[in-house]
Novice: 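This is the structure I want to talk about, given as C-alpha cells.
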Amino acid sequence: MIYRNATILSHEDFLQEFVPEPKVPTPADSSKIFAIVPAQAQGTKLYEFLGDVINNTPVCPGFTFVSTRSERKTSYSSTHAIVDYGVYRTDRVPQSVLDEEGQPNPPFTNWSTIELGIVCKTHSSFRDPFEKDPSPSNPETMLRKKIFGQVLSEYAQFVFTHQHRTCYFMVLFLDDQCRIFRLDRSGIFATVRFNYKSNGKPLVEFLWRFAHLSPAERGVDITAEEVALDSELAKLMSDRASLESGLDDHARGRFAASLEPPWPWYLLHLTDERTGQKRRFLVGQPQFTAFELMGRGTRSYVALDADNTSGPFVHLKDTWRIVHDDIDKEGAVLEQLNKRSVPFIPTLLYHGDLGQSQHTLSVELCRKYYPDAPTEQMYPVKQHTHYRLVVKEVGKPLSEFKDGRELVFALFCCLRAHAKAYKAGFIHCDISFSNILLFPHKGASVGLLNDWELSKKVNSKHSQGLQSDRRGTWQFLSANVLLKPTKHIVVQDELESFFHVALYAALRFLPHNCLDADVGRLLHDYFDAYQMTQKGYTCGQMKLASMQCGQISFIKGDQLTEIRFFASPGSPEEHPLNALLGELLTWFKAYYAELRLHGGRSHVEEGSTPTGSDVPPSELLEELLSSDSERSDDEDNDIDSEDNEQYPSAMTLSQGLAEVTAYRKTLEGLVMRRQRKLSRKLRNHSAMLSLLKAALKKREMWSGGDKGNDKLPEKEYNTDSYLDPFWVTMRSSIVQSILGKREAELSSGIPDLDSPQSTPRKRVKLSSD
C-alpha cells in the first residue's frame, strides 16, 4: 500500500531492503524480551519499561536508549520540540538536567547526535498515522494527520535540519503494537503493524541489525565530517572568522556568526564534475534552511575553502535535486549563463552530485513492490540525489535593503539578469523574496538573482507539463500559475512574480496605511491563502482579485481600503512605489482581461522572445541609469500608433438606435485595443525595465528614511482566525465587491482605463518612455 508518501512493506522486506543482516547472529531467546512490559503501562511508564528492557539486554550493543521528556524551545520552532525516547551512541549520550530545586530531570533531546527516534502513542489504530483513513471528515482522520505531521515536522525534520543525513530510522509504539519506518527526502517506508509483546522478533532483529550498520547505512552523510572544536581545522575557522580584511567583511561577519555554539561545525566534501577536482569546505550553522522533510531540503552556507583558508569566503548550497530528464543541474545552467555574460547572477566555482549512495530509493522500490500502482498514486514521489554547488558571491538577504530606492534597484538588476538569461534560452521559474539577494560592490549594493535550480529551457515543452514541485515559491507565483497546476511558466508569470516580491518587501518594511497589527493578516490573505477545488489547491481570492481588477485592497476597521505607501513614517506624502505599482497593476489587469477573453491564453503570444539589443552587463547604479533606454527600437511601434486614432464625435438620439449601437461597438473596439496595448507591455522585459529605470532616475522622489522595522509578526499568523465567520464574510464581500465592479465594467463594454481611486490623491507620474 502507498499512502501519504508512505510505502508499507512486510517487516521481512523492510529488513532485507534497508537493514542488512550482520555476520554476528541475533542473541538467542531474545524475541520474548518485551513480553514483560505490563499491559497497563502507558506514557512515561511505558518509556521507562522499554528503556530498561533494551538497555539491560544485549539487543542494541554500542547504543543507549535515553528518555528525553524535558521540553525546550528550538531556534526553528516556537513549539516545545521533544521526542519521547532517543537512541544515541553510548559515547554521545546527552546528560540529565537539573530543575530549579536541583533535582535531576531527563535530558533534552540532542537533535545533532540522536541516531534513532522512538515515539509512543496510545490506541494502536486510532493514532496510527499510517492507517488508511475511513473518510476525510472522520475525527480519527484529523488525529492521524496531526500525528503524521508531528512525526515529520517536529521529530524527523529536526534531525535532518541539525544533522547531515541521507535517511533516518524511527520506531512508533502504539500500545502493544509497533511499526518501524525509514524516511528520506522523497518518502517513507514503514513496516506493517505488529504486536511487539507477543512477537518481538521483528523489533529485536531490527535493533540488532541497526547496531551493526555502518554510519552510512544508518543514514549518516559520510561526505560531511564533523569538525572537533579542539582540532587544527577548528582553529583555522576561528582565526579566519576574526581576521578583518575590509574586502569581504559582510561575508566574514556572517561566517563568524555561523560558528556560535551549540551548532556543530563540518567539513563538506565535493568533487567538481567539470574538472574532477576534490574540494573541501568548512561551514558552521547554515544561513538558510528549507524547513521541509520531503523535497530538496536546501541549506546554504557561508563557507571557507579548507585548502585555501586565507582566500575569500564563498557560498555553498547543499540540496537534494530532483532527478528528471527535463531538469538541468543548477551548476550546468550557471555555467552556460556565465559564458553568455549574464549580469547579476552567481559565478559558478564548483558543483557535482555526491555519489551513487546519495540518492533516494522511494521511486525504484515503490515500482518494485507495487508495479501496478496507478501513476497518480506514485505522485508526488520523486527521485532526488544529493548535490552541492559553490559560487563566488556571498549575498545578503533582500530584507537588508537600506531604503526603497535600493529595493527597486535590486529588482531592476535582477530583472536585467532575467532578461539576458531569457535571451540565452533559460527562464528562472522561482522569482521570490529569498532568491533576490543584495551583493555589496564598490560601496553600493546591486541585486543578485540567485537559485536557478528550478529554471528550465525557454522552448522546453515537456509532454506532462510543469511538475508541481518545479512551480517555485507559492507566495510569489503568478495567480495564473496557481490556477493551473501544470502550466508552463512564461515571461508574464515571472514579471508578475517580480511585482509580488516588490509588494511583499514594501508591506514588511515601508510605511503604509495598514496597521502594524493587521499586517500579518494582510500578508496571509494575499500571499499565503488558497482555495480548495476538486483539482486541489489553487490561487487565493485576494491575489487573483487584485490582478484581475488592478487594485490591492484590504479591510481596515469595517471599511475596504486601498493599500497606500508613504514617503516616511507619519508623513502623508506619497511614496514613489504607489505610482510604480499602480502602473504595473494596470498592465496586469489588462493581461488578465485578455486571458479571460481568450479562454486562458492572452491574445499576445506568451513567452515571446525579446527583441532589441542585449542587456548591458553594467554593475553600478549610475552606469545602469545612464545607459541607453531598455526599449527596443521596434517595440510597440505597432501599438503606439493606435494612440493617434480619433474617438468618434458625439451623436444625437435622432441618429437612431443603429448608430448608437455602432458607436458603442467603436468604443468597445478602442477599449480592446487599449487593453491589448497595456497587455503587450508584459510580452517581454523592456517596458518594466524602462518603468523601473524612469523611477530610479528621479532621485528627488525618493527619501532616504523610508525603511522602518520589519512588520512581519514574530509568530506565524494564526490561520484559525482566517476561518472566523465574520472575516470569512468580510473577505467574501470584498472579493464580490471588486469582482462586481469588474463585471459592471465588462457588461458596459467600457472598462475604466485609468483605474480611478476612491478619493482624489496627489500622484507622482512615472513615465516609461
Novice: Mind checking whether Tyr196 and Phe34 have parallel, tilted or perpendicular rings, split at 30° and 60°?
Specialist: perpendicular
Novice: Under the criterion salt bridge (Lys or Arg N to Asp or Glu O under 4.0 Å), I'd like the reasoning laid out for Glu12 against Lys201: C-alpha separation, chi angles, the key distance, then a yes or no.
Specialist: CA-CA 11 Å; Glu12 293 90 355; Lys201 183 177 179 180; over 6 Å; no
Novice: How many angstroms lie between CG in Leu449 and CG in Asp451, if you round to the nearest 0.5 Å?
Specialist: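 The distance works out to 9.0 Å.
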Novice: Flag the pair Glu330 and Arg296 as a salt bridge only when some basic side-chain nitrogen lies within less than 4.0 angstrom of an acidic carboxylate oxygen.
Specialist: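 No, this pair does not count.
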Novice: Looking at the rings of His359 and Trp320, which for Trp means the six-membered one, are their centres under 6.0 Å apart?
Specialist: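 That pair fails the under 6.0 Å test.
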Novice: Donor-acceptor pair, distance only, cut-off 3.5 Å: does the side chain of Thr385 make one with the backbone of Gln358?
Specialist: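 Indeed, once roles are kept as given, a pair shorter than 3.5 Å links the two residues.
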Novice: When the ring planes of His428 and Trp452 are compared, do they come out parallel, tilted or perpendicular, using 30° and 60° as the limits?
Specialist: perpendicular
Novice: Tyr350 vs Phe281 aromatic rings, parallel, tilted or perpendicular, using cut-offs 30° and 60°?
Specialist: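 Answer is tilted, since the angle falls between 30° and 60°.
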Novice: Please determine if Asp307 and Arg279 form a salt bridge, counting it only when a charged side-chain N lies under 4.0 Å from a carboxylate O.
Specialist: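 Salt bridge flag = no for Arg279 with Asp307.
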Novice: Check step by step if side chain to side chain contact (heavy atoms under 4.5 Å, CB included) holds for Leu270 and Thr223.
Specialist: CA-CA 8 Å; Leu270 164 66; Thr223 69; over 6 Å; no
Novice: Please check this pair: side chain of Asp184 against backbone of Gly187, looking for a donor-acceptor N/O pair closer than 3.5 Å.
Specialist: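 Yes.
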Novice: Donor-acceptor pair, Glu260 side chain versus Gln285 backbone, under 3.5 Å?
Specialist: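 The answer is no, because no donor-acceptor pair under 3.5 Å joins these two groups.
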Novice: Using a strict 4.0 Å threshold on nitrogen-to-oxygen distance, state whether Lys317 and Glu453 make a salt bridge.
Specialist: yes
Novice: Let me know which of Ser231, Ser238, Ser258 forms a side chain to side chain contact (heavy atoms under 4.5 Å, CB included) with Trp265.
Specialist: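 In the set Ser231, Ser238, Ser258, the residue that makes a side chain to side chain contact (heavy atoms under 4.5 Å, CB included) with Trp265 is Ser238.
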Novice: Verify the neighbour count for atom CD1 of Ile222: are there more than 12 heavy atoms of other residues, nucleotides or ligands below 6.0 Å?
Specialist: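 No, the 6.0 Å shell around CD1 holds no more than 12 heavy atoms from other groups.
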Novice: Test your reading of the model: is there a side-chain donor-acceptor pair from Arg185 to the backbone of Gly295, 3.5 Å cut-off?
Specialist: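 No; zero donor-acceptor contacts below 3.5 Å.
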Novice: Side-chain contact test, heavy atoms from C-beta onward, threshold under 4.5 Å: evaluate it for Leu172 versus Phe181 and give yes or no.
Specialist: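 With C-beta onward as the side chain, the pair touches.
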Novice: Where does the angle between the aromatic ring planes of Phe169 and Phe14 fall among parallel (under 30°), tilted (30 to 60°) and perpendicular (over 60°)?
Specialist: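 The arrangement is perpendicular - the two ring planes meet at more than 60°.
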Novice: Look only at the side chain of Thr7 and the backbone of Cys366, and say whether a donor-acceptor pair between them is shorter than 3.5 Å.
Specialist: no
Novice: So Glu17 and Arg182, salt bridge (Lys or Arg N to Asp or Glu O under 4.0 Å) or not? Walk me through it.
Specialist: CA-CA 11 Å; Glu17 295 291 351; Arg182 175 192 182 274; over 6 Å; no
Novice: Angle between ring planes, His351 versus Tyr387, binned at 30° and 60°: parallel, tilted or perpendicular?
Specialist: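 The arrangement is perpendicular - the two ring planes meet at more than 60°.
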Novice: Can Glu225 and His269 be counted as having a side-chain donor-acceptor contact under 3.5 angstrom?
Specialist: yes
Novice: Keeping the roles fixed (side chain from Tyr88, backbone from Asn110), state whether a donor-acceptor pair exists under 3.5 Å.
Specialist: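 At least one qualifying donor-acceptor pair exists.
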